[in-house]
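Residues take their numbers from the sequence shown, with the count starting at 1. What you see is a predicted model; the values in this text were computed from it and never measured. Computation of the quantities below employed the complete heavy-atom set of this structure, encompassing side-chain atoms and omitting hydrogens, waters and symmetry-equivalent molecules.
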Amino acid sequence: MTWPTVLLLVVVAAAGLLRWRRPAWYWMTFGVTFAAARVLVRYASVMEACGLTVPPSRWRLMLARMANRPAPESRAPRILRLRPTHTGLVLGLKLRPGQDAFDVAAASDRLRHSFGMYGVTSRELRSGVVEIRMTGYDVLKRVQMPAKTDTRPMCVPVALREDGSVHYRDYRTVPHGLTLGATESGKSVYQRNLVAGLAPHHVALVGIDCKQGVELFPLARRFSALADNPDTALELLVSHMQDVYQLIRAEQRISVAVPDVEIAADIWDLPEDLRPVPVVVLVDEVAELALFASKEEEKRRDRIITALVRLAQLGRAAGVYLEICGQRFGSELGKGITMLRAQLTGRTAHRVNDETSANMAFGDIAPDAVLAAIQIPAETRGIAIAGDSTGGWHRIRAPHTTLRQAVNVCNKHADRTPELPALAPFRPAVAPLPSARVPLSKTAPATA
């Protein structure tokens, strides 16, 4: 056996081992080259087989007749660019006249099989231009977040999408969110990633944990308030919101001489030295706030839901953002729940035990996401469906973050925890962090 044959066998064996044990490494070393060549070679035939070609125009047929040449073939969308990524390929297409972006989206599954890729998704960039994102392997099997992510204020990378892009929780764009998930579905890990991502930001975290704080109290050093008495806590937040509105109104200075760009309409229009700290309110189990067993508890429940609805409707401009979590979310929780749901633009659903919760999450914004949410298998914890008011949805998975890792991040940024006077009674009492140990000297101290 000659040395080129031995070298070839070693390379093939290494490629097979990488594809089995480290698919990301295999993609960066071998897979991206093979996939790009496969797409370029098969492109014309695949487009024709998938019905993504258009017949030649009349003037081309006329020129062919005049030149006594064969009739021209049907034309596929023109490739604008083919860009490799660390998870797959990005293909930019210029559509031909008569084609629509929906045609490409409808053929995504056929394109996946024809090009031999793991997943194919498409989106319209602008009129006549479509971007196809193809993944070479299952990026959600072992989530690895990219080293560089967006660092805008109030924008947190929390998960990875199935097309390889990063899923952000952007509070400036989507102020309030709803996160659902049954027991052992991965909802707590998603919540830990959210808290750990917010810890380095200039933001006040307020937690309402009806399970005596067992979920959020380990992260208490980064929380400005933790409450198991949500009635009083929410009333104080509403009072804080009204104080912020009075500050905005006092600083608007609306006159003919003031330019439009200097007129304040929310906290982000205020000068930085006057801007109140934004507040993110995390409600761990919303069903516990809506349940009641007596008339007194029903009145308390109505006050809590009313306060939540007021925060959801009016809190954005005052810098108060809601993150509602729960295992169950349905209309049977009582009046006001549907009104609250209507204000929660960002929707994330892990595996749920009933179709009603999935319908409450996506029925009003993305009905086709309901089926995807109830089909998440129990053995794939962490997989979730994320949607928004645009009607689009994505399959995402947060990186596995242990409670110890989240606690370490919160302890590291404990000095960034702001103090809100209105919520001072709910400030968690925690012991000071142990000081760093002084290294022992190699020489013994001198004795008298």
Side-chain angles (χ1 to χ4, degrees), residues 1-47 49-50 76-93 104 107-123 125 130-151 157-168 186 189 193 377 379-384 394-402 405:
M1 186 179 294
T2 60
W3 69 266
T5 306
V6 175
L7 181 61
L8 179 62
L9 291 177
V10 171
V11 171
V12 171
L17 183 62
L18 286 178
R19 188 171 187 178
W20 175 43
R21 300 293 295 177
R22 291 290 186 269
W25 296 0
Y26 168 79
W27 174 258
M28 296 300 295
T29 52
F30 301 99
V32 63
T33 303
F34 296 154
R38 190 165 55 244
V39 169
L40 294 176
V41 170
R42 298 181 183 177
Y43 178 75
S45 60
V46 167
M47 292 291 114
C50 293
R78 182 162 55 91
I79 298 179
L80 297 179
R81 62 184 178 275
L82 179 63
R83 178 171 57 89
T85 66
H86 66 285
T87 59
L89 298 173
V90 177
L91 185 65
L93 301 180
V104 181
S108 295
D109 199 52
R110 287 174 286 174
L111 293 175
R112 176 174 68 90
H113 290 290
S114 301
F115 289 137
M117 306 297 288
Y118 183 83
V120 173
T121 59
S122 67
R123 65 188 182 101
L125 297 182
V130 173
E131 180 184 81
I132 298 179
R133 298 186 68 93
M134 298 179 281
T135 52
Y137 59 96
D138 186 4
V139 298
L140 300 185
K141 184 177 181 180
R142 182 182 296 173
V143 177
Q144 295 180 346
M145 301 292 286
K148 294 183 179 180
T149 56
D150 198 344
T151 58
V158 292
L160 197 66
R161 293 180 178 177
E162 62 179 344
D163 61 359
S165 60
V166 179
H167 179 72
Y168 292 92
V189 175
N193 278 278
E379 60 270 12
T380 56
R381 289 187 295 179
I383 298 291
H394 308 274
R395 186 174 284 102
I396 65 171
R397 191 175 194 179
H400 181 68
T401 302
T402 64
Q405 291 173 334

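- In terms of heavy atoms, Pro157 sits closest to Thr149 at CG-OG1, 3.7 Å.
- Distance CG/Leu140 to CZ/Arg161: 11.5 Å, rounded to 0.5 Å.
- The CZ atom of Phe34 lies 11.0 Å from the CH2 atom of Trp27; values are rounded to the nearest 0.5 Å.
- Residues His86 and Met28 form a side-chain contact, since some pair of their non-hydrogen atoms from C-beta on lies under 4.5 Å apart.
- Between Phe115 atom CZ and Arg110 atom CZ the span is 12.0 Å, to the nearest 0.5 Å.
- Residue Thr87 comes nearest to Tyr137 through the heavy atom pair CG2-OH, 3.6 Å, listed as atom of the first residue, atom of the second, then distance.
- With hydrogens and angles ignored, the 3.5 Å screen pairs no side-chain donor or acceptor of Asn193 with any backbone N or O of Ala159.
- When all heavy atoms of Arg83 and Thr85 are compared, the pair lying nearest together is NH1-CG2, 3.6 Å.
- Test Leu82, Val120, Leu111 against Leu91 for side chain to side chain contact (heavy atoms under 4.5 Å, CB included) and you get one pass: Leu82.
- Counting only heavy atoms from C-beta outward, the side chains of Val158 and His167 approach each other to under 4.5 Å.
- Contact of the Pro23 side chain with the Asp138 side chain is not registered, since no non-hydrogen atoms from C-beta on lie closer than 4.5 Å.
- A 4.5 Å side-chain heavy-atom check between Arg381 and His400 finds every atom pair outside the cut-off.
- Atom-to-atom distance recorded for Arg133:CZ and Thr121:OG1 is 7.0 Å, nearest 0.5 angstrom.
- Side-chain contact between Tyr118 and Val139 is absent, with no heavy-atom pair separated by less than 4.5 Å.
- Pro77 is listed as a side-chain neighbour of Met47, based on a closest heavy-atom distance under 4.5 Å.
- Minimum interatomic distance between Leu160 and Ser165 (heavy atoms only, all atoms of both residues): CD1-O, 3.5 Å.
- To the nearest 0.5 Å, atom CG of residue Leu93 and atom CZ of residue Arg81 are 9.0 Å apart.
- Of all heavy-atom pairs spanning Pro399 and Met145, the tightest one is CG-CG, 3.7 Å.
- Rounded to the nearest 0.5 angstrom, Glu131 CD and Ser122 OG are separated by 9.5 Å.
- Under the 4.5 Å side-chain criterion, counting only non-hydrogen atoms from C-beta, Asp150 is not in contact with Val166.
- Within 6.0 Å of CD in Gln405 there are more than 12 heavy atoms belonging to other residues, nucleotides or ligands.
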